[in-house]
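Letters A, B, ... are given to chains in the order of the sequence lines, protein chains preceding strands, and every chain is numbered from 1.
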Number of protein chains: 2
Amino acid sequence: MGRRVTLAEVAARAGVSPITVSRALRRPDTVQPETRARIDAAVAALGYVPDPAARALATGRSDVIGVLIPSATNAVFTDVLSGLYEGIAESRFDVQYGITRYDPATEENLLGVFLRQRPAGLIVAGIDQTPAARRLLDRAACPVVQIMETGPDPVDMMVGFSHHDAAAEATRHLIARGYRRPGFLGARMDPRTRRRFAGFRAVAEAAGLYDPDRSETTETPSSVGRGGELLRALLARHPDTDAVFCNNDDLAMGALFEAMRLGIAVPGRLGICGFNDLEMMRAAEPPLTSVRTNRFEMGALAAKMIRARLEGRDPGPALVDLGAQVQARASTAGPAAGD
Amino acid sequence: MGRRVTLAEVAARAGVSPITVSRALRRPDTVQPETRARIDAAVAALGYVPDPAARALATGRSDVIGVLIPSATNAVFTDVLSGLYEGIAESRFDVQYGITRYDPATEENLLGVFLRQRPAGLIVAGIDQTPAARRLLDRAACPVVQIMETGPDPVDMMVGFSHHDAAAEATRHLIARGYRRPGFLGARMDPRTRRRFAGFRAVAEAAGLYDPDRSETTETPSSVGRGGELLRALLARHPDTDAVFCNNDDLAMGALFEAMRLGIAVPGRLGICGFNDLEMMRAAEPPLTSVRTNRFEMGALAAKMIRARLEGRDPGPALVDLGAQVQARASTAGPAAGD
DNA sequence: TCATCTAATGATAGCGCTGTCATCGTAGCG
DNA sequence: CGCTACGATGACAGCGCTATCATTAGATGA
């Protein structure tokens with residue numbers, strides 16, 4: 001590690017004043033090329049790295065981009081984080097996470113904590129902030145991006161897609177493939193899950209195929225095992241259900257395994273569709289249909305929009321809908337002929 | 001958000017000097033109870049929260065615990081992170097991540113970046129740091145915990161388990177169940193993977209069942225799809241392989257699906273064992289045997305050890321082996337009778 | 001040639017907090 | 001009753017950096 005090297009030491013070595021070194025580092029175009037060269041050499045020789053705390057104190061703002069997500073284990077969010085990382089790579093920015101555990105009050109709290117650090121930017125999941133949190137965000141003195149979802153009345157910028165429409169498209173797909181008694185499997189009924197359910201319901205109703213009793217949900221967290229339980233419960237009540245739209249891929253995978261256990265043919269007697277299109281879906285047997293959500297891109301774009309704003313470049317449109325695409329696979333090939 | 005409230009304003013309101021407020025906040029026992037009460041009231045009334053940057057600058061150390069992990073998407077690490085979060089909950093500490101992408105040079109770099117921030121503590125994955133990184137860690141002026149693995153010569157503290165022994169136990173399990181031609185499937189051959197392979201090999205050799213050609217590995221990242229590819233390749237060369245020890249659960253899951261595709265009975269004609277025991281393993285059909293690694297506990301304990309050290313409490317033993325337990329399930333029930 | 005302007009650099013002060021030492025008052029003791 | 005010891009509080013300086021304004025030197029034009 002060695003001792004901390006300060007600006008002053010670099011300045012002494014380069015034969016200039018500290019403030020000039022500071023400038024050379026932050027706005028290289030404002031110092032003469034030869035001066036800059038001497039400074040760069042001194043920086044390299046001494047291995048100087050600015051102290052982020054001192055910078056934050058002096059400027060009144062940090063280079064931390066605060067990120068508020070509901071869960072750190074959910075594969076969906078980890079993909080977003082990867083994108084974020086990609087988006088801030090090679091920049092001066094850092095990412096700091098807060099996990100809300102799907103709890104609005106926690107989100108509000110964490111928002112306060114982040115805001116005190118005068119973050120460079122803020123990224124929050126979803127559009128369902130509490131009124132208080134919303135007020136904090138509205139007044140935030142930094143770029144804010146809402147991700148995962150699109151909706152009316154953005155705080156600032158927004159990158160996501162319509163969960164309602166994505167689910168609707170998946171449901172249309174099931175119907176187009178010939179399924180006539182579709183059900184819904186959902187866990188952890190957060191607002192995004194509810195909107196997916198609404199999309200499912202809207203399309204099913206329009207087709208005259210909606211049965212309010214043909215859905216099985218739970219407030220407990222989602223998991224593969226849960227998917228199996230939900231399917232079993234649904235089939236116990238409605239053995240004639242011929243397809244399930246699952247709120248996410250874990251549930252879909254669990255449903256597939258449960259179907260195997262029950263000796264139910266997929267897709268012949270039961271169609272299965274997931275949501276998010278994690279890698280495993282394609283590799284399953286039969287390969288599982290899912291809805292591709294562009295999570296990595298979402299994170300990367302959110303980071304880039306914030307960077308663009310902070311670096312004075314054009315961030316592009318403030319509201320980006322990345323859409324979602326049904327990836328049709330064998331698990332929804334359609335009911336067997338002798339349906 | 002509102003304006004930032006400073007120590008001085010709190011002090012003015014409480015009728016004391018700023019330094020007393022500072023003390024009241026950090027070491028409440030050093031100020032008189034009534035003074036403290038007045039200060040607490042002022043803090044609450046004004047909604048004061050200390051500025052972390054100013055504190056870091058003044059003390060020369062931050063409250064950030066730096067965490068270096070290879071991947072943010074791998075479920076294994078996200079579980080560790082959850083544990084970490086749990087471990088620092090309700091404390092003044094924050095966690096900041098660096099992703100090394102399994103690249104020692106990146107790790108070395110990030111280590112430098114973290115160290116400049118004078119972190120409160122450092123958590124690094126594994127024991128395979130470069131010599132330079134090792135030197136940095138040895139000289140770090142903060143508690144350091146190596147996680148994921150145990151080994152000789154810890155930098156400071158260590159929480160993990162022996163990958164070699166865990167794999168050895170899994171292999172013994174396969175043999176005990178009657179499998180006689182076990183193979184190995186591995187992707188992303190990082191040091192931990194190699195040690196697992198070594199454990200597999202040691203036990204297989206001791207039993208006279210090791211065939212150096214009966215393993216299929218790749219440097220590419222692990223995934224469910226990859227597991228299928230590896231199994232297919234292995235079986236193409238050695239159709240008589242009767243069990244596979246997979247380097248992780250994704251590969252095992254992929255192997256299971258591939259076996260289905262090939263019409264190979266699991267566990268009758270092929271036993272499958274994974275590693276890590278992710279939730280999905282139990283829910284699969286057949287349920288998949290795996291090796292439980294205590295990831296959440298690992299993260300939580302690492303954080304607690306650092307906290308204990310920083311808060312002057314006894315951190316307990318410096319080297320904790322959390323072990324790993326084979327979770328025997330149907331996928332390794334043993335070869336079919338007519339083997 | 002001289003005033004005027006611009007680009008490059010420097011001096012000063014201060015961000016909000018804490019380490020260090022000084023000060024003050026009072027309890028305890030001979 | 002005077003002195004020491006100690007607990008409680010305060011004054012001061014400074015952490016490393018940058019915002020702001022001042023200064024300097026050279027370029028420009030009438």
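- Between the C1' atom of dG7(D) and the CZ atom of R36(B) lies a distance of 14 Å, rounded to the nearest Å.
- For the pair T30(B) and dT9(D), the criterion of a side-chain N or O lying under 4.0 Å from OP1 or OP2 is not met.
- Using cut-offs of 30° and 60° for the angle between ring planes, the Y85(A) and Y97(A) rings count as tilted.
- The pair R309(A)-D314(A) fails the salt-bridge criterion, with no side-chain N (NZ, NE, NH1 or NH2) lying under 4.0 Å from an Asp/Glu carboxylate O.
- Between the CD atom of E9(A) and the C1' atom of dC17(D) there is a distance of 14 Å, given to the nearest Å.
- At the phosphate of dT18(C), OP1 or OP2 sits under 4.0 Å from a side-chain N or O atom of S22(B).
- The residue among L57(B) and I19(B) whose nearest nucleotide of DNA chain C lies closer to the 5′ end is L57(B).
- Phosphate contact (OP1/OP2 of dT9(D), side-chain N/O of R27(B), threshold under 4.0 Å): absent.
- Taking the side chain of A58(B) as heavy atoms from C-beta on, and the options dT9(C), dC17(C), dC17(D), the nearest nucleotide is dC17(C).
- Here dT20(D) presents its P atom at 11 Å from CZ of R26(A), a figure rounded to the nearest Å.
- Going from atom CE of M158(A) over to atom CG of D153(A) covers 7.5 Å, rounded to the nearest 0.5 Å.
- The nearest whole Å value for the distance from the CZ atom in R116(B) to the P atom in dC15(D) is 19 Å.
- Separating the CD atom of E34(B) from the C1' atom of dG7(D) is a distance of 14 Å, rounded to the nearest angstrom.
- If you measure from atom CZ of R118(A) to atom C1' of dC17(D), you get 16 Å, rounded to the nearest angstrom.
- For dC17(C), neither phosphate oxygen OP1 nor OP2 lies less than 4.0 angstrom from any side-chain nitrogen or oxygen of R61(B).
- Within 3.5 Å, a donor on the side chain of R23(B) pairs with an acceptor on the base of dG10(D), or the reverse.
- Under 4.0 angstrom from either OP1 or OP2 of dT18(D) there lies no side-chain N or O belonging to T59(A).
- P18(A) comes within 4.0 angstrom of no nucleic acid atom, judged by non-hydrogen atoms across all strands.
- Separating the CG atom of D29(B) from the C1' atom of dA8(D) is a distance of 12 Å, rounded to the nearest angstrom.
- Within the 4.0 Å cut-off from OP1 or OP2 of dT9(D), at least one side-chain nitrogen or oxygen of Q32(B) is found.
- Note: CG (L7(B)) to P (dG19(C)) measures 12 Å, nearest angstrom.
- Neither OP1 nor OP2 of dT9(D) sits under 4.0 Å from any side-chain N or O of S17(B).
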Check: Given the rule in the side chain to side chain donor-acceptor pair (under 3.5 Å) test, do N109(A) and T106(A) qualify, once you have shown the distances and angles that lead to the verdict?
Finding: CA-CA 5 Å; N109(A) 259 344; T106(A) 304; 5.9 Å; no
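- By the 4.5 Å heavy-atom criterion applied to side chains, V5(A) and V49(A) are not counted as neighbours.
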